[in-house]
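The structure appears right after this line, and notes come after that.
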Amino acid sequence: MYRLISRLVIYRDMEEDSILLKLADICHRFYTNDYEKDELVTEIYEQIHKLLDLSTRYGFDKNLWHNYLAFQLAMSENPFTMVSEKVGANDGTVNAFAKGDFSIFKQLFDYDFSPIEQALEINCFSVICNYQAVGKSEQIFNKSVSEKVQELSRNIEAAEDDEALYQVVTDFYRVYGVGKFGLNKAFRVSPDHEQGVLIPITSTGDMQLSDIIGYEEQKRKLVENTEAFVAGRQANNVLLYGDAGTGKSTSIKAILNEYYSQGLRMIEVYKHEFQYLSQIIAEIKNRNYRFIIYMDDLSFEEFEIEYKYLKAVIEGGLETKPENVLIYATSNRRHLIRETWSDRSDMSKDELHRSDTMQEKLSLAARFGVSIGYYRPKQQEYFDIVKGLAKKYPQITLSDEELCLKANQWELSHGGISGRTAQQFVMHLAGSM
């Protein structure tokens, strides 16, 4: 194994403590008789533990060794893979090195661990190559990565020759991309930046725009702008504003699910993280994806100045915002920043031209080219939402009249009419039946 890995060209950059390099060293020491049995067994079990931990995080199953090697290919960001995610298989001298590396990975797929197991009296390699994972909730593992890596693993297993193997891997890069941006839908700011400024969000839900009942005009505007963006046409930053619980955040999450397959990715940023916006943009501006920087419940008090950083990023700084980046924000405030009556007067104790301050504040909202209002539904619209949501739960067998009566009683004691109130009522009803 050590000899195989030493011949890699494109994929030779691996972390020193990676499972593959550690196992290669173990195999090298075994075949050169440079080991003490108990010590080597302990080192093997350490790497098996790391492999099981990785497999649990990504929901791998059946042949964990194959899944791990496919994961390495899927996550390796280098000049070859970055070009392949844009154009797929391509002519060039580098292909000779790529095919050589893929051939080595195929040999690693078929590596025979049985001599090591027999000599050391262990069976852990046989176990991980015939593994049956315990069923897990999608909240526990990264389903988006899991499905793609296991698909790549199966296709590599089925490849009949080097040419077919090359086509399998480059097709994977073209369809799904490479690295964390290729395989994940959404990201957030890393608390320690050990893996870069952004880390994946492993579970984003599966909501669709059709799950939001009503608000057809609002959804149409959002879809039109997003479709233009993912198609590479001109599009605007979007502000969704209005009453709480009306589906603003849900609409944006649904947009991600519906356009992910077309290259859309989303980055969630809170206002205390605006200091990292320049770093975020630097990390994503040259990638072959369309990124929405998502700011939920965005608003500023008078004393907060973070909005100045956001204004500079959207429009006005020396470095222009890349064409593959948009900002979508939700807010209960139309103008994002709280105004006071003193803002509307030129006469103030602490500022000569107070109205200039008001204009500065309002200019932030003006930087969103599309503003979409979400307002509380009327009574009948509220009942329509309740009835629509109730259809998803077969256990709810109430008539429409009974459903509306109970929904009316619920909203009177639960914050008034809204889509969120309707959702909470239906979930309560479904859980009690």
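Model, not experiment: these values are computed from the prediction.
No hydrogens or angles considered: nothing links the side chains of Gln424 and His414 as a donor-acceptor pair under 3.5 Å. Side-chain atoms of Ser251 and Gln218 form no donor-acceptor pair, as typed in the model, at a separation below 3.5 Å. Side-chain contact of Ser114 with Gln118: a donor-acceptor pair under 3.5 Å is absent, judged by distance alone. No side-chain N or O of Asn67 forms a donor-acceptor pair with one of Tyr131 less than 3.5 Å apart. Using modelled atom types and a 3.5 Å distance limit, the side chains of Tyr294 and Thr330 yield no donor-acceptor pair. Remark: the Tyr58 side chain and the Gln150 side chain contain no N/O donor-acceptor pair separated by less than 3.5 Å.
Applying ring pair (Phe, Tyr, Trp, His ring centres under 6.0 Å) to Phe181 and the options Phe291, Tyr176, Tyr260 leaves one that passes, Phe291.
Between the Glu117 side chain and the Ser126 main chain, a donor and an acceptor come within less than 3.5 Å of each other. Checking side-chain atoms of Thr81 against main-chain N and O of Asn78 turns up a donor-acceptor pair under 3.5 Å. In this structure, Ser190 contributes its side chain and Val197 its backbone to no donor-acceptor pair below 3.5 Å. Using modelled atom types, no side-chain atom of Lys148 and backbone atom of Ala74 make a donor-acceptor pair closer than 3.5 Å. The backbone N or O of Ile10 sits less than 3.5 Å from a side-chain atom of Asp101, completing a donor-acceptor pair. Side chain of Tyr382 to main chain of Gly416: no donor-acceptor pair is present (N/O by atom type, distance under 3.5 Å, no hydrogens or angles). Side-chain N or O atoms of Asn63 include one that pairs as donor or acceptor with a backbone N or O of Trp65 at under 3.5 Å.
When the shell of 6.0 Å around NZ of Lys391 is examined, it contains 12 or fewer heavy atoms from other residues, nucleotides or ligands.
Centroid-to-centroid, the aromatic rings of Phe97 and Phe80 stay 6.0 Å apart or farther.
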Report task. Could you give me the CA-CA distance, side-chain angles and deciding distance for Glu268 and Lys253, then say whether salt bridge (charged side-chain N to carboxylate O under 4.0 Å, His left out) is met? Result -> CA-CA 11 Å; Glu268 187 171 41; Lys253 294 172 185 176; over 6 Å; no
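Ring geometry for Tyr375 against Tyr241 counts as perpendicular: the plane angle is over 60°, on a 0 to 90° scale with 30° as the lower cut.
Both tests pass for Arg290 against the ring of Phe229: distance under 6.0 Å to the centre and angle within 45° of the axis.
Side-chain contact between Leu69 and Leu20 is present, with at least one heavy-atom pair separated by less than 4.5 Å.
With values rounded to the nearest 0.5 angstrom, Lys106 atom NZ is found 9.5 Å from Asp162 atom CG. Ile44 contributes atom CD1, which lies 9.5 Å from atom CD of Gln47 (distance to the nearest 0.5 angstrom).
Heavy atoms only, all atoms of each residue included: Leu222 and Ile372 are closest at N-CD1, 3.8 Å.
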